[in-house]
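What follows is a set of notes on a single structure, which appears directly below.
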Amino acid sequence: MAQVLVVEDDTPTREVLRLMLEDAGHQVSEAINAPAAIDLLRAAPTSWVVLVDLLLGAESGDSLLRTAAQDPALGSRHGYILTTASTPSLVIPQTALLESLAVEVVYKPFEIDHLLAAVDRAAARAGRA
């Protein structure tokens, strides 16, 4: 199973994701914002799957993805999934960034099986430099 980092500022959503992923056998870490997530990812001894919410309070999840795209170690070492309750029209401007990191988008509310399958795909991509 994968090591998963849930980057989500909404505590109930973060907790539900953690419990769901742990029930599926994944090891889960949490971050409430992009800077905390980046610190964890840089220090991670192995590849992680990163579930990052598009809207993280005062900042956005795409700031984490931009940092990963600009840092070859972060971009190639970890697999990323963007989660969002936003409409696709808010995600479309991020298309080039998402494609550069092979980021899958999972819309909320999500089906558990769909999210777990996305985590498996991201885990398979993680670490492929």
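Note that these values count all heavy atoms, side chains included, but never hydrogens, waters or copies made by symmetry. Fair warning: this is a prediction, and the values are worked out from it, not measured in the lab.
A donor-acceptor pair is defined here as one N or O able to donate and one able to accept, closer than 3.5 Å; no such pair exists between the side chain of H78 and the backbone of V50. Judged by distance alone, the side chain of R77 and the main-chain N or O of A44 form a donor-acceptor pair under 3.5 Å.
Separating the CH2 atom in W48 from the NE2 atom in H26 is a distance of 14.5 Å, to the nearest 0.5 Å. If you take CD1 on I32 and OG1 on T11, they are separated by 7.5 Å, rounding to the nearest 0.5 Å. From N33, atom CG reaches atom OG of S63 across 8.5 Å, with rounding to the nearest 0.5 Å. Going from atom CG of L41 over to atom CG of L64 covers 6.5 Å, rounded to the nearest 0.5 Å. Note that the CG atom of D62 and the CG atom of L54 stand 6.5 Å from one another [nearest 0.5 Å].
Remark: Q3 pairs with S29 by the side chain to side chain donor-acceptor pair (under 3.5 Å) rule, at least two apart or across chains. Residues forming a side chain to side chain donor-acceptor pair (under 3.5 Å) with D10 (at least two apart in sequence, or on another chain): T13. Shown here are the side-chain contact (heavy atoms from CB on, under 4.5 Å) partners of L19, two or more places apart in sequence or in another chain: E22. Annotation: side chain to side chain donor-acceptor pair (under 3.5 Å) contacts of D71 (sequence neighbours excluded): R42. For E30, the salt bridge (charged side-chain N to carboxylate O under 4.0 Å, His left out) partners are R14, R18, not counting sequence neighbours.
Partner of V52 under the side chain to side chain contact (heavy atoms under 4.5 Å, CB included) criterion, out of T83, V103, L65, T84: L65 alone.
Minimum interatomic distance between K108 and E8 (heavy atoms only, all atoms of both residues): NZ-OE1, 2.9 Å. S100 and A69 get closest at one heavy-atom pair: OG-CB, 4.1 Å. Residues G75 and L101 approach most closely at CA-CD2, 3.7 Å, considering heavy atoms. Counting all heavy atoms, side chain and backbone alike, G79 lies closest to A126 at N-CB, 3.5 Å.
More than 12 heavy atoms of other residues, nucleotides or ligands lie within 6.0 Å of CG in L40, so this atom counts as buried by the packing criterion.
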Margin query: Is there a side-chain contact (heavy atoms from CB on, under 4.5 Å) between Y80 and V7? Walk through the geometry before answering.
Written below: CA-CA 11 Å; Y80 298 89; V7 186; over 6 Å; no

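When hydrophobic side chains of Ile, Leu, Val, Met, Phe, Trp and Tyr are connected at separations under 4.5 Å, V28 ends up clustered with V4, V6, L17, M20, L21, V49, L51, I81, V106, F110, I112, L115, L116, V119.
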